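Encoded as structure tokens, the structure appears first; notes follow it.
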Amino acid sequence: MIAQLFFCAILLLLVLVADAKWIVPGARWRDTEGNLVNAHAGGVTLDSETGRYFWFGEYKVQGQEEGGGVSVYSSEDLATWKHEGMALRPIEGHSYISPERIIQRPKVVYSAGTGKYHMWWHADNSTYGWLLQGLAQSDNITGPYNFVNATAPLGNWSQDFGLFTDYKDGKAYALYSNGDRLEGRDVYLTSYNDEITALDQVVHRFDKYDLEAPTIIQTESSYYALMSHKTGYRPNNVVAFRADSLSGPWSQPFIIAPLNTRTYNSQSGFSLRIKGSRQTTYLYLGDQWDSNSLWESRYIWLPIQIDERKKSLEAVWHDVYDLDVKTGEWETIKGKTYYGIDSTTNGDAFKQEATFGSHGVIIAGIYGNDSTVTFSGIEGSGKPQWVSFYYQNTDDMGFGDQPGGNPDRIGGTWQLRRISSVVVNGNTSNVETLYQRDTHKGIILSAPLQLKLERGNSNTITIGGLHNGFDVKGADIDKIVVYPPEE
Ligand SMILES: *[C@@H]1O[C@H](CO)[C@@H](O)[C@H](O)[C@H]1NC(C)=O
Ligand SMILES: *[C@@H]1O[C@H](CO)[C@@H](O)[C@H](O)[C@H]1NC(C)=O
Ligand SMILES: *[C@@H]1O[C@H](CO)[C@@H](O)[C@H](O)[C@H]1NC(C)=O
Ligand SMILES: *[C@@H]1O[C@H](CO)[C@@H](O)[C@H](O)[C@H]1NC(C)=O
Ligand SMILES: *[C@@H]1O[C@H](CO)[C@@H](O)[C@H](O)[C@H]1NC(C)=O
Ligand SMILES: *[C@@H]1O[C@H](CO)[C@@H](O)[C@H](O)[C@H]1NC(C)=O
């Protein structure tokens, strides 16, 4: 009896722990086996029978960044992800899904007509010369999916692919940019036939805006179509259009995140409507591409705030938030802030006047092992905790004619990221690496790391610079925010 009670208590504890899983945009997301979640430019499909979410995305491994096929993960809470294996495996020598081909932006939808799950994606050859849409089917949501065909949508071209299902009538639509040629540069919104085996008719064409990575968010009264500009793997200011009906008229595009954050360093691609028992929440599901190593790219998932009266929406940044998919509610987790002005600088690192910094200061000159900044008196719990590092990385100083240089300079190249070392309590045998993507001047973004701090309030965190391929500069640091452990 006691043993049983004990067992129940443990189960209860496990359930509570599972419930508390938080979403940390831009962190290294790991699956239930501890591996990086590898599902880029994906889509999430809710299985209405089981209430489980299935995340499909491009599988990328180091050294081979295209042609990896489509992986699938499942989750009950959109935060804990179990790897379900490969949904679409590349086949050697296959015309359309061999490892040499492009299999991008996969999306899965259930077809009541065929009784199967249908996966659609952007199918192409390695030089984007075909611009087709691929279809594969499976009886099982996790696959394996069997290739059906790759076709030109109503005879046109199709590059970045999105799929949207209207929750009011269950009808499915494809969204696709028709490539970079002068005759293209549109985004199409086209309905599928009832079986979702082929496209039916064009519902709207976003004419000549030259956008890509489309997704649609549907509220009670509006449709918002989100798209990114075409800057390759570099992020930009994602825009949205609004309409009362899919066929339009659609509004002018507007920017969905604070200017010059480049949508918090992310690209659009998918979105989710979570209808909970208490509220409906809309999530932006973006990719934070890392063109230096695509397989290390991360995910920026954020709640979207919609103002139907103003006919606008905004993706709002949260370092750490807790989403309850059952109720639809989410809350931002509160952390404790430690400011640069109160830190200790070492070597050539220094506190520089900055109108945009907290208390008018930012820590500059972080370099290698010797020019570092240390935050002291940090409260810890003895358990792993998320820490967000607020930084600016303009990467435009001191590179001369070396690789690197100013992104705001004509013909300039720049470095995607600086890498900082993060050391807790001076223990240099445990150096964490913090990637800090480039930002505009005066724009402060945050990047998270999970750290183990000692219990009590005498921890230190020291930030230095690690080699990013060109230099050992760390980004400028504004402040750090330490979050409580998940429990
Ligand atoms: C891709 O397809 C286009 C159009 O057929 C062709 O011109 C191009 O050579 C192909 N690329 C490769 C690598 O075969
Ligand atoms: C479908 O997937 C489930 C869970 O992965 C598995 O147990 C089952 O055997 C699969 N069925 C088929 C027909 O592949
Ligand atoms: C695949 O699509 C092509 C082009 O639309 C078509 O000619 C061909 O018949 C299709 N193949 C199958 C097996 O449906
Ligand atoms: C695709 O559509 C554009 C207009 O959106 C048109 O100019 C172009 O010719 C079409 N391409 C094909 C292959 O049909
Ligand atoms: C930092 O220190 C380590 C040894 O602790 C050394 O191997 C490394 O070269 C140093 N890096 C720099 C940039 O000084
Ligand atoms: C320093 O870190 C290493 C590696 O994580 C660990 O084994 C060691 O116990 C740590 N030292 C102290 C004093 O905590």
Side-chain angles (χ1 to χ4, degrees), residues 58 60 63-69 88-107 109 111 113-139 144-164 172-214 216 225 227-230 232 239 241 243 246-250 252-253 294:
E58 299 169 24
K60 296 181 186 298
Q64 191 203 6
E65 301 191 320
E66 295 291 351
L88 183 73
R89 215 174 262 287
I91 299 173
E92 285 294 341
H94 192 283
S95 305
Y96 296 103
I97 57 168
S98 77
E100 290 73 41
R101 302 297 185 230
I102 293 219
I103 302 173
Q104 285 181 348
R105 299 195 178 277
K107 308 286 177 301
V109 62
S111 164
T114 63
K116 293 178 193 293
Y117 293 90
H118 292 190
M119 179 187 291
W120 288 90
W121 69 93
H122 165 209
D124 221 318
N125 73 357
S126 61
T127 52
Y128 296 83
W130 296 344
L131 299 171
L132 302 175
Q133 291 176 3
L135 168 64
Q137 293 175 323
S138 174
D139 293 328
Y145 284 77
N146 297 312
F147 180 83
V148 176
N149 208 350
T151 52
L154 306 178
N156 208 287
W157 303 299
S158 175
Q159 197 158 326
D160 275 9
F161 176 79
L163 198 150
F164 163 71
Y173 299 82
L175 283 152
Y176 46 98
S177 58
N178 59 347
D180 298 334
R181 292 175 226 200
L182 265 179
E183 317 91 282
R185 305 187 182 180
D186 311 308
V187 170
Y188 276 85
L189 170 57
T190 304
S191 59
Y192 281 104
N193 63 10
D194 286 343
E195 303 204 309
I196 321 182
T197 51
L199 289 173
D200 201 7
Q201 62 177 20
V202 174
V203 173
H204 183 75
R205 191 172 79 196
F206 295 89
D207 214 18
K208 302 299 169 218
Y209 285 105
D210 206 9
L211 298 168
E212 63 181 7
I216 287 183
M227 300 173 204
S228 110
H229 295 86
K230 289 184 178 168
V239 295
F241 302 78
L246 287 172
S247 56
W250 286 86
Q252 279 279 324
L294 279 181

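Each residue takes its place number in the sequence, starting with 1. Indexing begins at 1, ligand by ligand and atom by atom, following the structure's order. Because the structure is predicted, anything quoted here is derived from the model rather than measured.
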With heavy-atom distances below 4.0 Å as the criterion, list the atoms of ligand 4 near [X].
X: Tyr188; answer: 2 (O), 3 (C), 4 (C), 5 (O)
X: Asp186; answer: 4 (C), 5 (O)
X: Glu183; answer: 3 (C), 4 (C), 6 (C), 7 (O)

Those atoms of ligand 1 less than 4.0 Å from some heavy atom in Ser126
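So the answer, numbered in order with elements, is 13 (C).
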
Open item on the list: Suppose I only count heavy atoms of Trp130 and a 4.0 Å limit; which atoms of ligand 1 are within that range?
Closed with: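 Contacts of ligand 1 toward Trp130, numbered from 1: 1 (C), 2 (O), 5 (O).
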
- Item | Backbone or side-chain N or O of Arg205 under 3.5 Å from ligand 4 N or O |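 Between Arg205 and ligand 4 (N or O atoms, distance only) the closest approach is under 3.5 Å.
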
### Heteroatom distance test (Lys208, ligand 4): nitrogen or oxygen, under 3.5 angstrom
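Looking only at distances, the answer is no, because the N/O contact criterion of under 3.5 Å is not met.
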
Can you pull the salt bridge (charged side-chain N to carboxylate O under 4.0 Å, His left out) pairs that have at least one residue in residues 123-138, sequence neighbours excluded?
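The answer is none; no pair qualifies.
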
Q | Basic-acidic side-chain contact under 4.0 Å: Glu183, Arg181 | A |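 Salt bridge between Glu183 and Arg181, a charged N being under 4.0 Å from a carboxylate O: no.
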
Checklist entry - In terms of side-chain geometry, is the basic nitrogen of Asp186 or Lys208 positioned less than 4.0 Å from the acidic oxygen of its partner? => result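 Looking at Asp186 and Lys208, the cut-off is met.
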
| request: Would you mind telling me if ligand 4 is within reach of the side chain of Asn178, the backbone, both or neither, using heavy atoms under 4.0 Å? | output: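 Side chain only; the backbone of Asn178 stays clear of ligand 4.
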
Shortest non-hydrogen separation from [X] to [Y] and the atoms involved:
X: Ala243; Y: Pro249; answer: CB-O, 3.5 Å
X: Ala225; Y: Phe206; answer: CB-CZ, 3.9 Å
X: Lys107; Y: Gly162; answer: CE-CA, 4.2 Å
X: Leu132; Y: Tyr96; answer: CD1-CE2, 3.7 Å

Do any nitrogen or oxygen atoms of Asn125 lie less than 3.5 angstrom from nitrogen or oxygen atoms of ligand 1?
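The answer is yes, given that Asn125 and ligand 1 share an N or O pair closer than 3.5 Å.
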
Margin query: Assess the residue pair Phe241 and Val187 against the criterion (side-chain contact (heavy atoms from CB on, under 4.5 Å)); give the C-alpha distance rounded to whole Å, side-chain angles, the decisive distance to 0.1 Å, and a yes or no.
Written below: CA-CA 12 Å; Phe241 302 78; Val187 170; over 6 Å; no

In this structure, are over 12 heavy atoms from other groups packed under 6.0 Å from Arg89 atom CZ?
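Open: at most 12 neighbouring heavy atoms sit under 6.0 Å from CZ of Arg89.
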
Quiz item: Is Asp194 atom CG crowded by more than 12 heavy atoms from other residues, nucleotides or ligands, each under 6.0 Å away?
Solution: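 No.
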
As a test of reading the model: which N/O atoms of the protein lie under 3.5 Å from N/O atoms of ligand 3, and at what distance?
unit_1, atom_1, unit_2, atom_2, d
ligand 3, 2 (O), Asn149, OD1, 3.4
ligand 3, 2 (O), Asn149, ND2, 2.4
ligand 3, 11 (N), Asn149, ND2, 2.8
ligand 3, 14 (O), Asn149, ND2, 3.3

